[in-house]
Amino acid sequence: MRVFSASLATETNTFAPMPTGLASFKDRGYFPAGQHPDALTIYSGPLWAARIRGKEKGWTLLEGMVAGAQPSGITTRHAYETLRDEMLNDLRAALPVDMVLLGLHGAMVADGYDDCEGDMLERVRQIVGPDVVIGAELDPHNHLTPAMVANADVMVSFKEYPHTDILERGLELVDICAAAVEGKVKPVHAMVDCDIIVTVHTSREPARGFVERMQSLEGKDGVLSVSLTHGFSWGDVPEMGTKVLVYTDGDQAKADALARQLADEVIAMRDGLTVNYPSIDASLDEALAFGGGPVVLADGADNPGGGAASDSTFILARMLERGIGNAALGPMWDPIAVRIAFDAGVGAKLRMRIGGKISPLSGDPLDLECTVKALKHDLVMTGLSDTPTPMGDCALVEAGGIDIVLITRRNQAMGTDLFTQLGCDLASKKIVVVKSSQHFYASYSKVAKHVIYAGAPGAVTLDLNTLPYRKVRRPKWPLEAVAA
């Protein structure tokens with residue numbers, strides 16, 4: 001069997017201030033055809049799974065370009081078209097193929113393209129024709145569009161948030177697609193729009209039980225795959241929202257009925273899925289009142305994994321104003337401050353201007369009396385599914401009793417080794433503030449005694465009614481009341 005695999009992925013926050021250009025892909029991970037390293041990366045699940053299965057089954061694996069960018073604002077037309085065309089040219093060079101496996105995101109938006117994944121899949125289908133099996137692995141924070149489902153034979157989303165199952169879902173995708181090529185199954189799909197947008201933390205109920213229910217259905221009675229699209233609230237495109245996608249083996253009626261049933265279950269538990277996000281002061285009060293520590297505060301509104309700059313100062317400023325010490329905060333994206341810290345050296349005491357550099361959503365820069373506590377060149381944090389996540393040169397500085405991790409490559413807090421590699425003992429802290437919405441949870445929940453999702457300002461705010469949507473198809477709960 002001849003198998004082609006490639007990836008092109010990013011998550012686009014259409015409200016974020018910074019565009020996503022070619023440099024963003026080069027920074028996060030760009031590997032020309034045949035040059036992907038011997039390690040799983042965040043968007044290479046299908047390729048990595050194909051390497052595993054291909055070795056077992058003697059496939060000829062033809063590896064195309066793999067490129068992923070840290071979430072940010074609108075992708076430039078030049079970046080998207082350049083990388084898309086490179087991937088498509090890799091596919092043409094690999095022909096003929098029996099199967100195409102793509103690592104996509106599902107919420108990529110470029111200048112002139114509201115549905116990048118639909119555009120890519122349509123062009124792939126035009127190249128390979130109607131008989132080649134096309135599969136794609138998606139992030140659940142996607143905009144599942146008619147063009148995507150029409151041009152792919154199978155699409156599988158990560159089930160977990162945090163995304164700890166990248167390889168597992170890649171293997172699931174590859175196995176179903178291989179069975180389709182071999183004529184053992186004939187996937188048919190049903191997609192149902194829930195007309196809502198929710199945040200689905202699979203680390204807690206009711207989402208935990210729903211994920212287990214989806215998995216219990218798969219592989220039985222002709223059900224091949226079930227995916228829950230959480231949706232990506234910060235992408236202003238028509239198809240934004242929560243959806244259910246079901247594949248069965250040739251049974252359209254079963255697919256239609258099951259997708260509708262599961263969608264109704266999601267709609268019914270929407271209130272239980274809603275994340276409570278107290279104000280900054282209320283979050284700090286709750287943390288201080290909690291017996292013991294550390295208490296982790298998630299600054300999801302400034303999550304670079306959702307397109308924010310990761311340089312906002314709102315929470316840090318309030319902690320300093322209130323004299324709250326014995327705390328840690330990070331990662332703060334501030335390459336200039338990192339350079340100054342390296343120039344000063346470990347042990348230096350100096351006044352530094354930190355954060356607040358990109359936009360009004362970053363808050364004001366803070367001029368602080370700092371002590372440089374640690375420096376590390378090219379720090380690599382443990383990321384999702386144990387993927388290595390480069391953070392660039394990093395510095396740990398202390399101001400007002402707060403240890404602050406400063407980074408040069410914009411990424412969110414995922415592994416606790418972001419702090420520990422710099423000598424910051426999280427277990428000894430009362431409060432740990434992380435720039436992350438939920439991906440921190442897999443690692444930080446092991447040390448946290450309590451977790452609070454703080455309602456700070458930012459490009460990834462949970463207060464969706466403050467976002468100026470223009471394109472989203474409405475009505476959509478909670479933007480409007482929608483009958484259950």
Side-chain angles (χ1 to χ4, degrees), residues 3-11 42-50 68 87 91 99-108 115-125 128 130 132-161 163 165-181 185-194 200 211 214-215 217-219 223-232 235 237 239-250 252 255-256 258-259 262-263:
V3 179
F4 175 81
S5 183
S7 301
L8 177 54
T10 189
E11 181 180 70
I42 183 171
Y43 295 125
S44 68
L47 183 147
W48 197 249
M87 183 182 75
L91 172 58
M99 181 164 64
V100 174
L101 302 169
L102 300 177
L104 305 177
H105 184 284
M108 184 177 184
D115 180 14
C116 290
E117 287 81 4
D119 176 65
M120 282 187 276
L121 287 165
E122 184 175 1
R123 291 170 188 270
V124 169
R125 178 60 73 193
V128 302
V132 171
V133 173
I134 299 174
E137 184 175 31
L138 304 174
D139 188 295
H141 300 114
N142 65 68
H143 311 303
L144 198 60
T145 69
M148 291 166 64
V149 295
N151 288 288
D153 294 280
V154 182
M155 292 190 295
V156 173
S157 293
F158 313 147
K159 286 184 169 62
E160 301 293 345
Y161 183 37
H163 304 329
D165 59 337
I166 294 171
L167 179 56
E168 290 83 353
R169 301 290 76 77
L171 291 167
E172 176 186 319
L173 172 76
V174 170
D175 289 344
I176 296 172
C177 288
V181 172
V185 297
K186 184 180 180 181
V188 297
H189 76 271
M191 176 180 68
V192 175
D193 191 337
C194 300
V200 184
V211 168
M214 286 195 298
Q215 292 179 307
L217 295 168
E218 295 173 323
V223 178
L224 300 175
S225 175
V226 181
S227 291
L228 174 63
T229 283
H230 304 181
F232 185 62
V237 296
E239 294 298 327
M240 185 273 279
T242 304
K243 301 176 185 180
V244 173
L245 177 63
V246 171
Y247 289 95
T248 62
D249 184 8
Q252 188 64 59
D256 292 340
L258 182 56
L262 293 174

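Heavy-atom basis, side chains included; hydrogens, waters and symmetry copies ignored. FYI, the numbering just counts along the sequence from 1.
Every residue meeting the side-chain contact (heavy atoms from CB on, under 4.5 Å) condition with Ala49, not counting sequence neighbours, appears here in chain and number order: Leu167, Leu171, Val174. By the ring pair (Phe, Tyr, Trp, His ring centres under 6.0 Å) test, Tyr247 is found to be paired with no residue, residues two or more places apart in sequence or in another chain being considered. A search for side-chain contact (heavy atoms from CB on, under 4.5 Å) contacts involving Ala9 returns Tyr43, His105, not counting sequence neighbours. With sequence neighbours excluded, the residues forming a side-chain contact (heavy atoms from CB on, under 4.5 Å) with Glu122 are Gln126, Asn151, listed by chain and number. Annotation: ring pair (Phe, Tyr, Trp, His ring centres under 6.0 Å) contacts of His141 (sequence neighbours excluded): Tyr161, His163, His230. Listed by chain and residue number, His36, Thr41 satisfy the side-chain hydrogen bond (donor to acceptor under 3.5 Å, both in side chains) test with Ser44 (two or more places apart in sequence, or in another chain). Residues that satisfy the salt bridge (charged side-chain N to carboxylate O under 4.0 Å, His left out) test with Glu239, not counting sequence neighbours, are Lys243, Arg473. By the side-chain hydrogen bond (donor to acceptor under 3.5 Å, both in side chains) test, Thr145 pairs with Asp115, sequence neighbours left out. Every residue meeting the side-chain hydrogen bond (donor to acceptor under 3.5 Å, both in side chains) condition with Asp119, not counting sequence neighbours, appears here in chain and number order: Tyr80, Arg84, Arg123. Not counting sequence neighbours, the partners of Ala263 by the side-chain contact (heavy atoms from CB on, under 4.5 Å) test are Val192, Cys194, Val244, Arg260. Annotation: side-chain hydrogen bond (donor to acceptor under 3.5 Å, both in side chains) contacts of Asp153 (sequence neighbours excluded): Arg125.
The heavy-atom pair separating Met155 from Ser227 by the smallest distance is O-OG, 4.1 Å. Annotation for Glu218 and Val226: closest pair OE2-N, 2.8 Å, computed over non-hydrogen atoms. Pro46 and Ser5 make their closest contact through C-OG, 3.9 Å (heavy atoms, listed as atom of the first residue, atom of the second, distance). Minimum heavy-atom separation, Thr229 to Gly241: CG2-O, 3.6 Å. Pairing each heavy atom of Phe158 with each of Asp165, the nearest pair is CB-OD1, 3.5 Å. Between Val154 and Cys177, the shortest heavy-atom contact is CB-SG, 4.1 Å.
Side-chain contact check for Met120 versus Leu8: some heavy-atom pair is nearer than 4.5 Å. A heavy-atom distance below 4.5 Å is found between the side chains of Leu104 and Leu121.
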Inset, instruction - Please report the C-alpha distance between Thr248 and Gln252 in whole Å, then the side-chain angles of each, then the deciding distance to 0.1 Å, and finally whether the side-chain contact (heavy atoms from CB on, under 4.5 Å) criterion is met. - result: CA-CA 7 Å; Thr248 62; Gln252 188 64 59; over 6 Å; no

Inset, instruction - Carefully, step by step, assess Leu138 and Leu144 under the rule side-chain contact (heavy atoms from CB on, under 4.5 Å). - result: CA-CA 9 Å; Leu138 304 174; Leu144 198 60; 4.1 Å; yes

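Judged by distance alone, with hydrogens and angles left aside, the side-chain atoms of Asp249 form no donor-acceptor pair with the main-chain N or O of Pro187 at under 3.5 Å. The backbone N or O of Leu228 lies less than 3.5 Å from no partner atom in the side chain of Ser157, so there is not a single donor-acceptor pair.
Every pair tested for salt bridge (charged side-chain N to carboxylate O under 4.0 Å, His left out) that includes a residue from residues 136-147 fails, sequence neighbours excluded, so the list is empty.
For the side chain to side chain donor-acceptor pair (under 3.5 Å) test with Ser225, the passing option among His189, Arg169, Glu172 is Glu172; the others fail.
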